[in-house]
Amino acid sequence: MLDGSPHETIYSPEVQQWMNFAVQPLAEPGYVSFIFMNISEEHAREMHVQRERVTNEAIVRVAKILNDGEGYESAMNHALQEISRFIHPDRIYLLETDGIIVSNTFEWCAEGIQSEIETLQNLDYEEYISGWEVFLRNSPGVIMEDIEVLRNMGDMVDYENLKRQGIKSLMAFPFYRQGRIAGYLGG
């Protein structure tokens with residue numbers, strides 16, 4: 001860009017690109033020159049690097065919490081709270097399962113969000129969340145931008161359960177024990 005000239009980075013919806021532009025007065029009074037540069041690829045790289053840095057920072061902080069000598073329950077609750085600082089959800093939960101029963105064993109809720117931990121205990125895995133496995137065929141996690149997808153799939157039990165809790169979108173990532181799903185971390 002031109003030295004000393006006003007410049008800015010913006011997203012242009014007209015061209016659907018990130019642009020860096022500068023304004024420079026011309027020698028003739030009343031005229032200016034605009035210089036636009038497409039920086040979409042550079043912006044995407046910067047955002048990717050930033051996401052990786054934040055993710056790595058979160059992983060290190062959570063690992064420190066889990067290895068800091070707190071009791072198991074305290075450490076898990078502390079870890080969920082720490083994760084909330086990075087992803088800003090309404091609720092984060094840990095569902096654990098043996099493949100037969102599923103229970104919400106840990107939960108963190110944002111201010112004003114009602115806890116659901118007591119309503120999600122000892123549920124039938126097949127009835128309540130086995131349908132999530134279809135999402136794992138093409139993705140490392142269950143990502144629903146709109147829970148209506150469950151209703152469209154005919155999964156009314158999961159749909160009604162999430163709707164009852166006021167959940168409109170969901171992300172849940174499985175964790176495994178000996179090659180089998182042992183639960184989900186979700187929010």
Side-chain angles (χ1 to χ4, degrees), residues 8-11 17-18 20 39-99 101-123 125 128-147 149-150 158 161-162 165-187:
E8 186 69 47
T9 299
I10 61 168
Y11 179 78
Q17 301 288 329
W18 282 93
N20 204 335
I39 61 164
S40 290
E41 287 184 27
E42 178 183 328
H43 187 268
R45 277 192 302 274
E46 286 176 16
M47 296 308 295
H48 179 74
V49 167
Q50 184 178 349
R51 272 192 305 272
E52 279 191 350
R53 181 186 55 76
V54 168
T55 299
N56 290 340
E57 200 176 291
I59 290 168
V60 167
R61 291 177 70 111
V62 169
K64 283 178 77 175
I65 289 167
L66 295 174
N67 289 298
D68 205 21
E70 287 184 66
Y72 175 69
E73 189 170 319
S74 178
M76 291 301 292
N77 286 323
H78 190 182
L80 292 182
Q81 181 180 15
E82 187 64 29
I83 292 168
S84 77
R85 294 182 58 230
F86 290 93
I87 63 173
H88 311 289
D90 289 341
R91 178 185 294 121
I92 299 176
Y93 55 85
L94 188 65
L95 295 175
E96 293 185 84
T97 185
D98 59 4
I101 300 294
V102 63
S103 291
N104 185 352
T105 53
F106 294 95
E107 178 183 66
W108 173 91
C109 295
E111 189 172 322
I113 301 299
Q114 184 176 336
S115 173
E116 291 289 336
I117 196 166
E118 296 303 321
T119 67
L120 300 169
Q121 298 300 315
N122 301 312
L123 304 173
Y125 179 82
Y128 280 91
I129 66 168
S130 69
W132 290 11
E133 292 177 25
V134 71
F135 293 95
L136 302 178
R137 291 181 193 149
N138 301 316
S139 174
V142 178
I143 301 170
M144 288 181 240
E145 291 182 26
D146 187 342
I147 65 164
V149 71
L150 291 170
D158 281 333
N161 189 35
L162 294 172
Q165 297 176 66
I167 296 172
K168 295 181 176 118
S169 60
L170 170 78
M171 287 178 30
F173 293 89
F175 55 94
Y176 298 87
R177 191 174 297 123
Q178 298 176 341
R180 298 186 62 177
I181 293 175
Y184 288 90
L185 174 64

Testing the 3.5 Å rule here: is there a donor-acceptor pair between the side chains of [X] and [Y]?
X: T105; Y: E96; value: yes
X: E107; Y: S115; value: yes
X: S130; Y: E133; value: no
X: H48; Y: E52; value: yes

Does the side chain of [Y] come within less than 4.5 Å of [X]'s, by heavy atoms?
X: F135; Y: M144; value: yes
X: N104; Y: Y184; value: no
X: T9; Y: W18; value: yes
X: L123; Y: I101; value: no

Exercise for the section: Evaluate whether atom CE of M76 has more than 12 neighbouring non-hydrogen atoms of other residues, nucleotides or ligands under 6.0 angstrom away. Expected result: yes
Problem - Polar side-chain atom of S103 near backbone of N122 as donor-acceptor pair, under 3.5 Å - result: yes
What is the minimum heavy-atom distance between [X] and [Y], and which atoms define it?
X: T97; Y: G99; answer: OG1-N, 2.9 Å
X: A172; Y: W132; answer: CB-CZ3, 3.6 Å
X: P89; Y: A110; answer: O-CB, 3.9 Å
X: C109; Y: I113; answer: CB-O, 3.5 Å
X: F173; Y: G141; answer: CD2-CA, 3.4 Å
X: V62; Y: A79; answer: CG1-CB, 4.0 Å

Practice task
Given side chain to side chain contact (heavy atoms under 4.5 Å, CB included), test I92 with I87 step by step and report yes or no.
Solution key: CA-CA 10 Å; I92 299 176; I87 63 173; 4.2 Å; yes
Exercise for the section: Give the intermediate values and the outcome of side chain to side chain contact (heavy atoms under 4.5 Å, CB included) for residues N77 and W108. Expected result: CA-CA 7 Å; N77 286 323; W108 173 91; over 6 Å; no
Distance from [X] atom [atom1] to [Y] atom [atom2], nearest 0.5 Å?
X: L95; Y: Q121; atom1: CG; atom2: CD; value: 9.5 Å
X: L80; Y: Y93; atom1: CG; atom2: OH; value: 11.5 Å
X: I129; Y: L120; atom1: CD1; atom2: CG; value: 10.0 Å
X: I65; Y: H78; atom1: CD1; atom2: NE2; value: 3.5 Å
X: Q165; Y: D90; atom1: CD; atom2: CG; value: 11.5 Å
X: L185; Y: F175; atom1: CG; atom2: CZ; value: 7.5 Å

Exercise for the section: Take T119 and E116 through the side chain to side chain donor-acceptor pair (under 3.5 Å) test and state the conclusion after the steps. Expected result: CA-CA 5 Å; T119 67; E116 291 289 336; 2.7 Å; yes
Handout entry: Stepwise side chain to side chain donor-acceptor pair (under 3.5 Å) check, S169 with E145
Key = CA-CA 5 Å; S169 60; E145 291 182 26; over 6 Å; no
Practice task
Check the pair I181 / L136 against side chain to side chain contact (heavy atoms under 4.5 Å, CB included), numbers first and verdict last.
Solution key: CA-CA 11 Å; I181 293 175; L136 302 178; 3.7 Å; yes
Handout entry: Aromatic plane relationship, Y72 with F106 - under 30° parallel, 30 to 60° tilted, over 60° perpendicular
Key = perpendicular
Problem - Presence of salt bridge, R61 and E57, under 4.0 angstrom - result: no
Handout entry: salt bridge (Lys or Arg N to Asp or Glu O under 4.0 Å) assessment of R85 paired with E82
Key = CA-CA 5 Å; R85 294 182 58 230; E82 187 64 29; 2.7 Å; yes
